[in-house]
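These numbers come from a predicted model, not from an experiment.
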Amino acid sequence: MLELEQSEAARPREVRVGPLTIGAGHPCVIAGPCSVEPQYVEHVAELAACGIDGLRGNIYKPRTRPESFQGIGDDGLELLVEARKRFGLPIFTEVLASDEAERVAGVVDCLWIGARNMQNFRLLEAVGQIGKPVLLKRGFGCTVSEWVGASEYIRKQGNDDVILCERGIRTFESSTRNTLDISSVVVVREMTDLPVIVDPSHAAGNRAWVPALGRAALAAGADGLLVEAHPAPALAWSDGDQAIDVDTCAELVAEAGRAAISAGRTPTTMADLALIDAEMARLQELRRQILAG
């Protein structure tokens, strides 16, 4: 599929990742530690109880310096298998090379291409040929048009199951790790039919700012959030500063549910009903306070 002209209306595409459908009108929350640790299954058990929709679990880590932790590698595959078996949630894992993609494709549900590899065209072609859903992060120095162009390398291999992920771009601003380009969520919809999610963790670089950026992404119409979460963020093996805790993760799950209902999606589950009841209670209390003066 060639890049759509801005004047054309792109039909939203739904991408199925295991039991999860992304782009179907209910924003998802995909969460987990930055990298898989030996206690990964125990860690994500607490997150799964929050009602998240998918698990992130990276066993290979692209790092700026070679002496930094590079991930536990193939030893983490068994942990990913166990997590999916126990919790029934789809697994999203970053791959750095085509041989890694081939090894993990039989284990995970979605192959993830990170920001540094967004324009690694041979890798994009390779994951496209594997046929698994692909999550494609925007490069931190790339335009929206270049991002969409990169997705076409995957789609030209016959794989249209691509999810775009905005994770912030590099600008002159240094107070955050990256600058979250919320406008890209809106703009990219005029250029492609692919669903788009947002990673507020890598944009913020500080766990205190992640919830606000996540809410902003949902308000802009993102199809979901990809967040770093850990039961004990300070003890995380990598990126602990931007990892949220379990309670904050639960709050984002609730925010995603409210965003779906606010956007007009018909409630279908008891969880939806609980969200509606909670919102009604909040509004009733606000009304009471106003009347009380």
[X] side chain to [Y] backbone, donor-acceptor under 3.5 Å:
X: D53; Y: V29; answer: yes
X: R63; Y: F69; answer: yes
X: D199; Y: S201; answer: yes
X: N117; Y: N120; answer: no
X: R16; Y: G18; answer: yes
X: R56; Y: C34; answer: yes
X: T21; Y: A24; answer: no

Worksheet entry | Ionic contact status for D109 with K132, cut-off 4.0 Å |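 No, this pair does not count.
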Worksheet item: Under the salt bridge (Lys or Arg N to Asp or Glu O under 4.0 Å) rule, what pairs show up with a residue in residues 161-172, not counting sequence neighbours?
Response: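 Listed once each, the pairs are R13-D161, R138-E166.
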Please tell me if the side chains of [X] and [Y] come closer than 4.5 Å, counting only heavy atoms from C-beta onward.
X: R215; Y: P200; answer: no
X: D223; Y: P27; answer: no
X: Q39; Y: V44; answer: no
X: V36; Y: N58; answer: no
X: C50; Y: V246; answer: yes
X: E102; Y: I130; answer: yes
X: P195; Y: P12; answer: no
X: T93; Y: V107; answer: no

Say whether [X] and [Y] are linked into one hydrophobic cluster, either directly or through other cluster members, by side-chain heavy-atom distances under 4.5 angstrom.
X: I244; Y: L225; value: yes
X: I59; Y: F87; value: yes
X: V41; Y: V104; value: yes
X: V144; Y: I163; value: no
X: V188; Y: I22; value: no

Heavy-atom pair of closest approach, residues [X] and [Y]:
X: I169; Y: C142; answer: CG2-O, 4.3 Å
X: A259; Y: L218; answer: CB-CB, 4.1 Å
X: Y40; Y: G57; answer: OH-CA, 3.7 Å
X: L47; Y: P33; answer: CD1-CD, 4.5 Å
X: I182; Y: A220; answer: CG2-CB, 3.6 Å
X: S151; Y: V162; answer: CB-CG1, 4.3 Å

Discussion item. Tell me whether D241 at atom CG has more than 12 heavy atoms from other residues, nucleotides or ligands lying less than 6.0 Å away.
Written reply: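 Atom CG in D241 is not crowded, with 12 or fewer foreign heavy atoms closer than 6.0 Å.
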Worksheet item: If you draw a 6.0 Å radius around CD in E82, do more than 12 non-hydrogen atoms from other residues or ligands fall strictly inside?
Response: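 Above 12, so yes.
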Any chance you could measure [X], atom [atom1], to [Y], atom [atom2], to the nearest 0.5 Å?
X: I30; Y: L135; atom1: CD1; atom2: CG; result: 6.5 Å
X: D193; Y: D160; atom1: CG; atom2: CG; result: 7.0 Å
X: I72; Y: L79; atom1: CD1; atom2: CG; result: 5.5 Å
X: E228; Y: Q242; atom1: CD; atom2: CD; result: 4.5 Å
X: M118; Y: L136; atom1: CE; atom2: CG; result: 6.5 Å
X: L213; Y: N206; atom1: CG; atom2: CG; result: 10.0 Å

Worksheet entry | Worked verdict on L226 versus H202 for side chain to side chain contact (heavy atoms under 4.5 Å, CB included) | CA-CA 10 Å; L226 176 70; H202 277 84; over 6 Å; no
Fill in: V187 vs M191, side chain to side chain contact (heavy atoms under 4.5 Å, CB included): CA-CA, chis, key distance, verdict
CA-CA 7 Å; V187 173; M191 303 175 70; 4.1 Å; yes
Fill in: Test log, rule side chain to side chain contact (heavy atoms under 4.5 Å, CB included), inputs K137 and I113
CA-CA 6 Å; K137 282 197 168 187; I113 303 298; over 6 Å; no
Discussion item. If only side-chain N and O atoms count, and only distance matters, is there a donor-acceptor pair under 3.5 Å linking S175 with E173?
Written reply: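 The answer is yes; a qualifying pair exists.
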Worksheet entry | Stepwise salt bridge (Lys or Arg N to Asp or Glu O under 4.0 Å) test for D239 and R207 | CA-CA 10 Å; D239 283 352; R207 72 175 66 94; over 6 Å; no
Worksheet entry | Listed once per pair and sorted, the ring pair (Phe, Tyr, Trp, His ring centres under 6.0 Å) pairs that draw on residues 89-127, sequence neighbours left out |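 Listed by first then second residue: F121-Y153.
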Fill in: Under the side chain to side chain donor-acceptor pair (under 3.5 Å) test, residues paired with R86 that sit two or more places apart
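Here no residue qualifies.
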Item to complete: Please lay out, stage by stage, how L89 and I52 fare under the test side chain to side chain contact (heavy atoms under 4.5 Å, CB included).
Response: CA-CA 8 Å; L89 296 172; I52 62 174; 3.9 Å; yes
